[in-house]
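First up is the structure itself, then whatever we jot down about it.
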Amino acid sequence: MTSIRTRFAPSPSGYLHVGGARTALFNWLYARHSGGSFILRIEDTDKARSTEESIRAIFEALDWLGIDWDEGPFYQSRRMEIYREHIERLVRSGHAYYCTCSPEKIQQMRERAMATGAKPRYDGTCREKGLGPQPGAVVRFKAPYTGTTVLEDVVKGNIVFQNSELDDFVICRSDGTPTYNLAVVVDDLTMEINTVIRGDDHVMNTPKQIQLYKALQAPLPVFAHVPMVLGNDRSRLSKRHGATSVTAYREMGILADALINYLARLGWSHGDQEFFTRQELIAKFDIKAVGKSAGIFDPVKLQALNADHIKACEPSQLAPQLVPFLARLGLEARDDQYLAKVISTLNTRSKTLVEMAEGARFYFLEEITFDEKAAGKFLKPAVAPALESLIQKLEQLEEFSEKALESAFIQVMEETGLKLGKIAQPVRVALTGTSVSPGIFEIIEVLGKSRVIRRLKKALEFIRSRSG
RNA sequence: GGUCCCAUCGUCUAGCGGUUUAGGACGCCGGCCUCUCACGCCGGUAACAGGGGUUCGAAUCCCCUUGGGAUCACCA
């Protein structure tokens, strides 16, 4: 059995969007699952729209997603000789011919056809002229007029096309460059791609490509056309549906593993399982289990899944990923152990790394500032004795374990007659500046003795300055 | 418009002729837990697009209708 060879072939005319990422992912997963190879090819024959910047953006996105390739990147723009050879081969074998019909004439032909309600197709004027190469001429593929071309698709099943619907499409432009369909086939052929997984917006191209394969006497690859990713209004996902680029989700604090999990689950399923690690995805992914219908991209579910991945991730593993988000807030984490502890108090209450960084703010600030509302509500003279007592108790404590802290609090409660809730909130505001945070014992333990006592004292001063 | 594809809760989906009062997840709504916010736990809401067949029996197979999507370049 020959090994699976898949590929991802984006055209670099913009950032990598989630739909493209999913196509790349399916190809990658299938190759990794089957121990095959995944090849990256950049389809940059359209010089007007291809940019260096887009190419970099694609690499960056794939790199972040952890989708690596075994061969390439190959660039179509550097393979012109190969296309030329194949085009000439097709002309020589009688499968293609030079055509001198002007674009205007073709345009007229099309308009006339439209007007009479007929199919807009090339009328074959030059088909049998036996023209040779000449300036301004294109090369057309001599497509069969009768019969059918069938696409045996792994996800869609058999699709039959009437050859009478197809026409003699251009394979070589008048400037000598190949058109898309020719280039794709030649590339997939020469790169020995045997499994073509791509978006189903390509199904209509496939009969043309199949005919090209046949004319080139090459074996057909296995085709798998995966359904599209739609926006919430069922139309093709685009900018007006919100963020569509892979990088945008990274900026939003989505984990690469979560995006991958979500994208894989969109259109593919493995029973009722929702959460998949990267390894599970590789182990369980099967292109045959991909569904036929298009799916709507749901950022809310992505977030929920992201929360699950954050929870499942070891704090020490998550730390390096959180650092840039802290930096964005002007916060610097110098101590890895401290950061890991911080994360362990935040990972069950954060849906994204952005949220987590915001929640971590008070851990890294030298001087915290009190939120007006929270301070007004909780830092009142009545709690001053409790805070004083707590400071005393904590100063005497050698170890800040949850147990020790709890008993310290209980003592304060007994002394002051206040319920834990009445003490915890003021302490929370004192330590974090806000009324929302992880558990009070947790944050005291992580912050450590000196910070805690300093902040409690500051709160006490605050109360006195206000009441005095 | 032609051609092609698709059709289970709002969304992602399980289901592959009987085990189904159609299951799970997200969302939403209750409740429990509780030092705040979350997490977690428990419960609820909500779907087989419509119509014909085939069959003892259909969400599952066939046909039609409807709805959605894709595509019709010397763009990829």
Side-chain angles (χ1 to χ4, degrees), chain A residues 9-13 43-46 48-50 76 99 101-103 106-107 110 113-114 117-121 136-140 151 153 155-157 159-162 164-167 169-181 183-184 199-207 225 227-228 230 232-236 262 265-275 291-298 300-305 307-308 311 346-351 355 359 374 378 406 409 419-429 432 434-442:
Chain A
S11 58
S13 55
E43 309 215 321
D44 58 348
T45 52
D46 185 357
R49 290 200 299 170
S50 301
Q76 286 191 327
C99 167
C101 296
S102 68
I106 302 291
Q107 185 60 33
R110 204 168 284 131
M114 288 288 228
K119 300 166 191 70
R121 52 204 300 281
V138 299
V139 178
R140 286 183 184 277
L151 158 59
D153 196 277
V155 344
K156 302 266 179 191
I159 303 175
V160 180
F161 298 91
Q162 296 299 319
S164 54
E165 292 292 331
L166 279 24
D167 75 342
F169 56 94
V170 173
I171 58 176
C172 182
R173 300 187 191 99
S174 53
D175 67 358
T177 60
T179 57
Y180 168 74
N181 285 117
V184 171
D200 71 8
D201 49 339
H202 283 289
V203 295
M204 300 308 262
N205 284 322
T206 312
H225 287 94
M228 304 263 82
L230 274 25
N232 54 192
D233 61 354
R234 298 218 145 267
S235 71
R236 201 189 190 119
Y262 177 75
R265 255 320 255 94
L266 180 58
W268 170 81
S269 63
H270 184 79
D272 280 340
Q273 188 173 349
E274 300 281 350
F275 184 94
K292 296 175 177 216
S293 49
I296 292 173
F297 186 85
D298 180 5
V300 177
K301 184 151 185 176
L302 205 207
Q303 270 216 347
L305 203 49
D308 290 341
K311 266 175 238 143
L346 258 18
N347 60 176
T348 58
R349 55 215 318 101
S350 310
K351 280 191 162 60
E355 268 185 34
F378 297 111
E406 203 175 338
F409 268 77
K419 297 264 189 208
L420 180 56
K422 292 287 179 197
I423 304 173
Q425 277 308 79
V427 172
R428 174 167 284 115
V429 177
T432 72
T434 73
S435 57
V436 175
S437 84
I440 203 74
F441 303 130
E442 285 178 273

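To find a chain, count down the sequence lines: A is the first, B the second, and so on, and within it residues start at 1.
Note on L420(A): a base of the nucleic acid sits closer than 4.0 angstrom, heavy atoms only. Contacts of L266(A) with the nucleic acid, taken as non-hydrogen atoms under 4.0 Å apart, involve only primed sugar atoms and P, OP1 or OP2. The residue G295(A) sits close only to the backbone: its heavy atoms come under 4.0 Å of sugar-phosphate atoms, none of a base. Residue contacts for N205(A): at a heavy-atom cut-off of 4.0 Å it reaches a base atom on one of the strands shown. Residue F297(A) is classed as having no contact, given no heavy-atom separation below 4.0 Å to the nucleic acid. Residue contacts shown for G267(A) are limited to sugar-phosphate atoms, with no base heavy atom under 4.0 Å away. Counting non-hydrogen atoms under 4.0 angstrom, E274(A) reaches a base of the nucleic acid. Note on R121(A): nothing from the nucleic acid sits closer than 4.0 angstrom, heavy atoms only. Heavy atoms of V138(A) sit under 4.0 angstrom from at least one base atom. Using a 4.0 Å heavy-atom cutoff across all strands shown, S435(A) reaches at least one base atom of the nucleic acid. Here P438(A) lies in heavy-atom contact (under 4.0 Å) with a base. Using a 4.0 Å heavy-atom criterion, one finds that S350(A) contacts no nucleic acid atom at all.
With contacts defined as side-chain heavy-atom distances shorter than 4.5 Å, the pair P207(A)/L166(A) qualifies. Taking the side chain as every heavy atom from C-beta outward, E43(A) and V184(A) approach each other to under 4.5 Å. In this structure, the side chains of S50(A) and P12(A) come closer than 4.5 Å at one or more pairs of heavy atoms.
Remark: the K301(A) side chain and the rA25(B) base include a donor-acceptor N/O pair separated by less than 3.5 Å. A donor N or O paired with an acceptor N or O is found under 3.5 Å between the base of rC74(B) and the side-chain atoms of S174(A). Residue side chain R349(A) does not reach the base of rC39(B) through any donor-acceptor N/O pair under 3.5 Å, judged by distance alone.
Summarising the base pairing, rG67(B) is matched to rC6(B) through a Watson-Crick or G-U wobble pair whose two defining distances lie under 3.5 Å. Across every strand in view, rA25(B) sits in a pair with rU11(B) that passes the Watson-Crick or G-U test at under 3.5 angstrom.
Separating the CZ atom of R265(A) from the P atom of rU13(B) is a distance of 7 Å, rounded to the nearest angstrom.
Contact record, E274(A) with R265(A): OE2-NH2, 3.3 Å, taken as the closest heavy-atom pair.
Applying the 4.0 Å criterion to OP1 and OP2 of rA14(B), one finds that S269(A) has a side-chain N or O inside that range. One finds a side-chain N or O of K311(A) lying less than 4.0 angstrom from the OP1 or OP2 phosphate oxygen of rG40(B). Taking side-chain N and O atoms only, R234(A) has no distance below 4.0 Å to OP1 or OP2 of rG10(B).
The P atoms of rG69(B) and rC32(B) are separated by 45 Å, rounded to the nearest whole Å. rC9(B) sits 16 Å from rG68(B) when the P atoms are compared, rounded to a whole Å.
Taking every side-chain heavy atom of V300(A) into account, rC26(B) is the closest of rC26(B), rA76(B), rC4(B). Taking the side chain of D201(A) as heavy atoms from C-beta on, and the options rA70(B), rA76(B), rA14(B), the nearest nucleotide is rA70(B). With distances taken from any side-chain atom of V170(A) to the nucleotides rC74(B), rC37(B), rU71(B), the minimum falls on rC74(B). Considering only side-chain atoms of Q425(A), the nucleotide from rC35(B), rG69(B), rG24(B) that sits closest is rC35(B). Ranking rA76(B), rC12(B), rU11(B) by closeness to the S11(A) side chain, first place goes to rA76(B).
With sequence neighbours excluded, the residues forming a ring pair (Phe, Tyr, Trp, His ring centres under 6.0 Å) with F297(A) are Y249(A), Y262(A), listed by chain and number.
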- [ ] Report the C-alpha distance between N181(A) and T179(A) in whole Å, list the side-chain angles of each, state the deciding distance to 0.1 Å, and finish with yes or no for side-chain hydrogen bond (donor to acceptor under 3.5 Å, both in side chains).
- [x] CA-CA 6 Å; N181(A) 285 117; T179(A) 57; 5.8 Å; no

